[in-house]
Number of protein chains: 4
Amino acid sequence: MWFRVDPRLPTPVYQQVVDGIKEAVAKGLLKPRDRLPAVRELAMLMMLNHNTVAKAYQELERERVIEVIRGRGTYVAAPSLLANRSERIVKMSETIKQLCVEAYYLQMTEDDLLTLFQDLMNEWKREKGRNNT
Amino acid sequence: MWFRVDPRLPTPVYQQVVDGIKEAVAKGLLKPRDRLPAVRELAMLMMLNHNTVAKAYQELERERVIEVIRGRGTYVAAPSLLANRSERIVKMSETIKQLCVEAYYLQMTEDDLLTLFQDLMNEWKREKGRNNT
Amino acid sequence: MWFRVDPRLPTPVYQQVVDGIKEAVAKGLLKPRDRLPAVRELAMLMMLNHNTVAKAYQELERERVIEVIRGRGTYVAAPSLLANRSERIVKMSETIKQLCVEAYYLQMTEDDLLTLFQDLMNEWKREKGRNNT
Amino acid sequence: MWFRVDPRLPTPVYQQVVDGIKEAVAKGLLKPRDRLPAVRELAMLMMLNHNTVAKAYQELERERVIEVIRGRGTYVAAPSLLANRSERIVKMSETIKQLCVEAYYLQMTEDDLLTLFQDLMNEWKREKGRNNT
DNA sequence: GTGGTCTAGACCACC
DNA sequence: GTGGTCTAGACCACC
């Protein structure tokens with residue numbers, strides 16, 4: 001499977017499934033039109049109840065990450081853009097602010113943070129490249 | 001007060017208090033040795049149950065953000081370094097990865113993200129400068 | 001074809017076929033005694049499983065919208081009146097009530113709703129006129 | 001209670017709860033800031049499982065009809081407006097179109113439909129007036 | 001007391 | 001085979 005789930009974490013299991021699949025799509029491990037495992041199949045593989053996986057799939061469908069075709073199966077959706085530019089920037093800014101607070105408590109300098117950020121972006125880009133060829 | 005709390009958000013109220021105070025400290029609005037309001041005082045000001053504020057203070061003390069001196073009051077702690085370098089990098093990397101996933105779904109290019117990141121870091125630095133003079 | 005079908009919608013595909021054909025008949029695009037495509041033909045045209053189309057035709061026959069004559073084909077039925085006046089009013093009232101609830105949440109005033117209703121009724125009438133000449 | 005639920009209907013029970021509460025709010029039986037029964041309380045009253053009611057409440061929160069404050073209770077939300085004018089008109093038009101199709105099959109004339117519509121709107125207005133005084 | 005999550009297991013509509 | 005719903009019952013975090 002493309003991700004793991006740990007029931008001991010405070011994050012609900014169904015949310016971990018949502019995050020895991022979103023990450024796999026973002027990385028290019030799952031591409032638009034790819035078929036996802038059936039609800040009960042994924043539940044079996046990950047040792048979860050089918051209701052938990054169903055809830056994750058429903059949430060992913062609501063976020064337009066996947067498309068559920070009843071009686072047929074579940075597929076990765078074509079990318080779609082909902083929010084406008086300014087809304088997107090507000091959202092990203094919020095996440096970046098949290099990053100800065102975290103960096104403060106880990107006593108990283110602004111330069112350390114910027115360097116780490118650039119390194120990881122490059123690695124991320126490379127990984128996506130590998131998955132797309 | 002240095003932050004706001006919204007009970008309707010899915011984030012627990014006590015966690016919002018924790019995050020708000022950590023952010024105020026990171027921004028320099030609250031400095032080491034500054035005194036925080038008493039539990040019941042802050043609860044009154046923010047219209048919260050005092051148990052909620054008490055729980056937040058306990059969590060902040062556990063994270064060594066504040067120091068509670070019984071009978072004397074609650075103070076912002078001097079900065080301390082707990083994790084070692086590699087642990088710190090692992091933690092930050094996890095947060096940055098989440099940032100990349102979020103950026104993917106908002107269809108931001110790597111360049112847009114990097115630019116936004118640099119802009120916000122500069123703004124953050126300026127704001128800290130203002131609070132420290 | 002006189003309508004479209006989207007398997008991703010929560011409405012079952014066979015129901016979309018039923019609704020589409022009923023709408024085409026109501027608009028006068030299909031008139032009594034017009035011949036409908038054979039099940040497998042319509043299935044091919046709309047890229048559907050023939051079982052799905054067969055189920056839709058069965059439902060339409062049950063509602064007396066179409067008539068299936070074995071070995072001959074499928075035809076739009078002559079209009080017939082099943083329910084009595086009071087039952088009809090109860091049914092329409094239920095639908096109108098849902099309309100009012102929806103209007104409330106879209107914050108439309110009664111006047112806006114009435115105006116929109118009258119406009120659409122006129123447009124509907126004109127469209128039917130065009131199809132009947 | 002302000003509505004009924006029938007498990008034999010094809011509409012899922014949790015959806016009937018959603019519709020029932022939305023209707024009660026639209027009619028003014030429930031007003032902003034009113035407290036709803038606790039999940040388990042409503043479940044008991046309506047002879048449903050608490051999970052079913054919880055699912056309904058979550059859906060209502062997503063649609064911004066109610067606000068859930070964890071650990072405290074559930075309240076009717078202040079009215080909010082999300083869609084813009086043209087989107088709202090598109091949505092209402094879709095519902096009105098369905099109304100016209102239904103009217104055709106019940107062989108109501110346009111005049112009958114308009115009269116019925118106006119009558120029900122007046123009744124609806126009166127009922128809301130009663131609940132608001 | 002409040003809502004949220006999860007498993008187990010049954011039943012159902014749809015394709 | 002596919003996803004969706006529902007009950008029963010347990011456990012949990014939060015206020």
Side-chain angles (χ1 to χ4, degrees), chain A residues 5 7-17 35-43 47-61 66-75, chain B residues 5 7-17 43 47-56 59, chain C residues 5 7-17 43 47-56 59, chain D residues 5 7-17 35-43 47-61 66-75:
Chain A
V5 148
R8 292 164 307 176
L9 293 177
T11 312
V13 175
Y14 85 89
Q15 187 64 50
Q16 294 182 46
V17 175
R35 183 172 190 167
L36 291 171
V39 168
R40 281 156 175 81
E41 195 183 337
L42 185 56
M47 314 268 283
L48 299 173
N49 187 280
H50 61 90
N51 283 316
T52 304
V53 176
K55 184 164 184 177
Y57 276 21
Q58 280 165 24
E59 174 62 21
L60 285 164
E61 190 182 23
I66 64 175
E67 280 173 359
V68 176
I69 306 184
R70 296 227 277 177
R72 290 222 214 132
T74 304
Y75 302 84
Chain B
V5 150
R8 293 164 304 180
L9 295 177
T11 313
V13 175
Y14 88 91
Q15 187 65 51
Q16 293 184 47
V17 175
M47 315 265 285
L48 299 173
N49 188 307
H50 66 265
N51 291 316
T52 305
V53 177
K55 179 157 187 183
E59 173 62 19
Chain C
V5 151
R8 293 164 304 179
L9 294 177
T11 313
V13 175
Y14 88 92
Q15 187 65 50
Q16 293 183 46
V17 175
M47 315 264 286
L48 300 173
N49 188 305
H50 66 264
N51 290 316
T52 304
V53 177
K55 179 157 187 184
E59 173 62 20
Chain D
V5 147
R8 292 164 307 178
L9 293 177
T11 312
V13 175
Y14 84 89
Q15 187 64 50
Q16 295 182 45
V17 175
R35 183 172 189 166
L36 291 172
V39 169
R40 280 155 174 84
E41 195 183 338
L42 185 56
M47 313 268 284
L48 299 173
N49 186 280
H50 61 90
N51 284 315
T52 304
V53 176
K55 184 164 185 177
Y57 276 22
Q58 281 165 26
E59 174 62 21
L60 285 164
E61 191 183 22
I66 65 175
E67 280 174 0
V68 177
I69 306 185
R70 297 228 275 177
R72 291 223 216 132
T74 304
Y75 303 84

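Below, chains carry the letters A, B, ... as their sequence lines are ordered, and counting in each starts from 1.
Atom CD of C:Q16 is separated from atom P of E:dC14 by 12 Å (rounded to the nearest Å). Across the protein-nucleic acid pair, D:Y75 atom OH and E:dG3 atom C1' stand 12 Å apart, rounded to whole Å. Going from atom CG of C:L9 over to atom P of F:dG3 covers 18 Å, rounded to whole Å.
Between C:V5 and C:Q16, the shortest heavy-atom contact is CA-OE1, 3.5 Å. Here the shortest heavy-atom pairing between A:N49 and A:N51 reads OD1-N, 2.8 Å. The minimum heavy-atom distance linking A:A54 with A:V39 is given by the pair N-CG1, 3.9 Å. In plain terms, the two heavy atoms of B:A56 and B:Y14 that are nearest each other are CB-O, 3.6 Å. The minimum heavy-atom distance linking B:H50 with B:A43 is given by the pair CA-CB, 3.7 Å.
In terms of the salt bridge (Lys or Arg N to Asp or Glu O under 4.0 Å) criterion, residue partners of C:R8 (sequence neighbours excluded) are, by chain and number, A:E67, C:D6.
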Under a cut-off of 3.5 Å for both distances of each Watson-Crick or G-U pair, what dot-bracket string does DNA chain F give, using [ ] for crossing pairs and | for inter-strand pairs? ||||||||||||||.
Does the protein touch nucleotides 4-11 of chain F at the base, only the backbone, or not at all? Give it as B, S and - per nucleotide, heavy atoms under 4.0 Å. BBBBBBBB
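D:K55 NZ to A:K55 NZ: the interatomic distance, rounded to the nearest 0.5 Å, is 8.5 Å. In this structure, CD1 on D:I69 lies 6.0 Å from OH on D:Y75, to the nearest 0.5 angstrom.
Positionally, the nearest nucleotide of DNA chain E for D:G73 lies more toward the 5' end than for the other of D:G73 and A:R72.
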